[in-house]
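To keep things clear, I will list the structure first and then write my remarks on it.
In what follows, chains carry the letters A, B, and so on, assigned in the order in which the sequence lines appear, proteins first and then strands, with residues in each chain numbered from 1. Any value given below was found using the heavy atoms of this structure, including those in side chains, with hydrogens, waters and symmetry copies removed.
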Amino acid sequence: MLRRAFFERDPLTCARELIGCELLWDQCVGMIVETEAYNARGDEACHCFVRPSTRAFVERNRAGAAYIYFNYGVHWMLNVLVKGAERGFVLIRALEPTRGLALMRKRRRVDDVRQLCSGPGKLTQALAITRQHDQMDLCSDPRFCFSARPADSKFEVVADERIGIRRSAELRWRFTLRASGFVSRPVKASRALTC
DNA sequence: ACACGGATACTA
DNA sequence: AGTATCCGTGTC
């Protein structure tokens, strides 16, 4: 289980290093293959830029808290609060499912493994994540937490532009596992950086 | 390409 | 109360 110290670092560092880690959510598990970083300060795409309630969330909660909100009137989004020198959020955007596939298929009503968690709204539906999990501490309950990358493995991470935003759109703060077939959208090769 | 549809934070 | 905006998905 990832300790709180992992999340007591900058959003960019946490977002990059979460690639290859697992998200454990009750009966279901998936490897994280896509994340995005949002800085509380100086990042116009972060909710903190326009929402006082989100700024209050940052003050009120410790690093490792789940920040969950409803988007486009349809989908729940799972973020993790991080607090280093820079504070902000990591949006969990896609998983490669590894356990609990049958339950995910039932909730998503699709069979294709690549369609289960290949998007921030898809994965919350597959894992049954809703408002009730907002502010949950993801560093204390082994049923709802992150697990570290296997020590002996190597993960190549690619950065490109964040998806679907208008402000601060040029920042390459989306991180994906290289060549993963489980991401929400293909990497924009012309803008991608290996990191 | 476009419909879907709710929370939040504005304007009055 | 009315309006603009929003880190998406599924189906057309």
Side-chain angles (χ1 to χ4, degrees), chain A residues 7 10-16 18-19 23 30 32-61 65-83 86-97 104-136 138 146 157-177 180-188 191-192:
Chain A
F7 301 101
D10 298 348
L12 282 164
T13 304
C14 291
R16 188 178 63 242
L18 276 172
I19 299 298
L23 174 63
I32 299 170
V33 297
E34 178 178 347
T35 61
E36 285 178 356
Y38 290 86
N39 271 8
R41 294 200 307 173
D43 176 8
E44 298 187 21
C46 185
H47 279 184
C48 287
F49 191 76
V50 289
R51 293 193 186 186
S53 58
T54 305
R55 294 194 287 272
F57 182 100
V58 174
E59 299 301 328
R60 187 191 324 130
N61 289 278
Y67 172 60
I68 294 167
Y69 65 89
F70 203 48
N71 200 24
Y72 290 107
V74 190
H75 301 291
W76 297 98
M77 301 284 126
L78 171 64
N79 300 254
V80 189
L81 176 63
V82 306
K83 291 180 147 180
E86 285 289 348
R87 304 187 297 178
F89 300 96
V90 177
L91 171 64
I92 310 299
R93 286 192 55 92
L95 308 174
E96 177 178 337
M104 293 186 196
R105 287 193 169 100
K106 183 180 166 191
R107 289 166 173 159
R108 290 274 299 127
R109 297 175 190 164
V110 295
D111 281 339
D112 183 358
V113 185
R114 298 197 178 201
Q115 286 301 317
L116 293 178
C117 298
S118 54
K122 294 178 184 177
L123 74 88
T124 55
Q125 185 180 34
L127 303 186
I129 295 171
T130 65
R131 171 193 291 289
Q132 67 177 339
H133 303 106
D134 191 42
Q135 299 194 74
M136 177 183 283
L138 300 180
F146 298 89
V157 179
V158 177
D160 73 343
E161 289 160 355
R162 294 178 291 184
I163 306 272
I165 60 171
R166 311 179 64 153
R167 301 190 244 244
S168 301
E170 73 289 352
L171 299 172
R172 286 176 278 198
W173 287 2
R174 174 197 190 215
F175 298 92
T176 54
L177 178 63
S180 172
F182 294 86
V183 298
S184 66
R185 290 166 61 166
V187 172
K188 207 190 278 183
R191 305 285 295 153

Worksheet item: A/Phe70 side chain: which of C/dC7, C/dG10, B/dG6 is closest?
Response: B/dG6
Fill in: Shortest non-hydrogen contact from A/Val183 toward A/Val33
CG1-O, 3.9 Å
Discussion item. Checking contacts here: which listed nucleotide (C/dG10, C/dG8, B/dA9) is nearest the side-chain heavy atoms of A/His75?
Written reply: C/dG8
Worksheet entry | Separation of C/dG8 P from A/Leu91 CG (nearest whole Å) | 7 Å
Worksheet item: Counting only Watson-Crick or G-U wobble pairs whose two distances fall under 3.5 Å, which nucleotide matches B/dG6?
Response: C/dC6
Practice prompt. Please report the closest heavy-atom contact between A/Phe182 and A/Leu95, naming both atoms and the distance.
Written response: CB-O, 3.8 Å
Worksheet item: Below 4.0 angstrom from OP1 or OP2 of B/dA9, is there any side-chain N or O of A/Ser53?
Response: yes
Worksheet item: Is A/Arg51 close enough and on-axis enough to A/Phe57, meaning under 6.0 Å and within 45°, for cation-pi?
Response: no
Fill in: Between B/dA7 (C1') and A/Tyr69 (OH): distance, integer Å
12 Å
Worksheet item: For A/Phe49 and C/dC7, what is the distance between atoms CZ and P respectively, to the nearest whole Å?
Response: 12 Å
Worksheet item: Near DNA chain C, which residues from residues 160-168 of chain A have a heavy atom under 4.0 Å away?
Response: A/Ile163, A/Gly164, A/Ile165, A/Arg166, A/Arg167
Discussion item. List the residues meeting salt bridge (Lys or Arg N to Asp or Glu O under 4.0 Å) with A/Lys106, not counting sequence neighbours, and say none if there are none.
Written reply: none
Discussion item. Rounded to whole Å, how long is the line connecting atom OH of A/Tyr72 with atom C1' of B/dC2?
Written reply: 14 Å
Practice prompt. Remember a base hit wins even if backbone is also touched, and classify A/Arg109 as base, sugar-phosphate or nothing at under 4.0 Å, heavy atoms.
Written response: nothing
Worksheet, complete the sentence: Closest non-hydrogen contact found for A/Ala40 with A/Cys48 is O-CB, 3.6 Å
Item to complete: Please state how far atom CG in A/Asn39 lies from atom P in C/dC7, giving the value in whole angstrom units.
Response: 15 Å
Worksheet entry | Which atom of A/Ala94 lies closest to which atom of A/Leu123, heavy atoms considered | N-CD2, 3.6 Å
Item to complete: Please state whether the phosphate of C/dG10, meaning OP1 or OP2, lies under 4.0 angstrom from any side-chain nitrogen or oxygen of A/Arg108.
Response: yes
Item to complete: Could you tell me the separation between the CZ atom of A/Arg93 and the P atom of C/dC7, rounded to a whole number of Å?
Response: 10 Å
What pairs of donor and acceptor atoms, side-chain ones from residues 65-79 of chain A against any protein atom, are under 3.5 angstrom apart with sequence neighbours left out?
from    : atom 1 : to      : atom 2 : distance (Å)
A/Tyr67 : OH     : A/His47 : ND1    : 2.8
A/Tyr67 : OH     : A/Thr54 : OG1    : 2.9
A/Asn79 : ND2    : A/Tyr67 : O      : 3.3

Item to complete: Classify the nucleic acid contact of A/Phe89 as base, sugar-phosphate or nothing, counting any heavy atom under 4.0 Å across all strands shown.
Response: nothing
Worksheet entry | Integer-rounded Å distance: C/dG10 P and A/Arg114 CZ | 16 Å
Item to complete: Would you mind telling me which of B/dA7, C/dC6, B/dC10 lies closest to the side-chain atoms of A/Arg131?
Response: B/dA7
Item to complete: Starting from P on C/dG8, measure out to CG on A/Asn79 and report it in whole angstrom.
Response: 11 Å
Worksheet item: Considering heavy-atom distances to DNA chain C, does A/Gln125 or A/Tyr67 have its closest nucleotide positioned more toward the 5' end?
Response: A/Tyr67
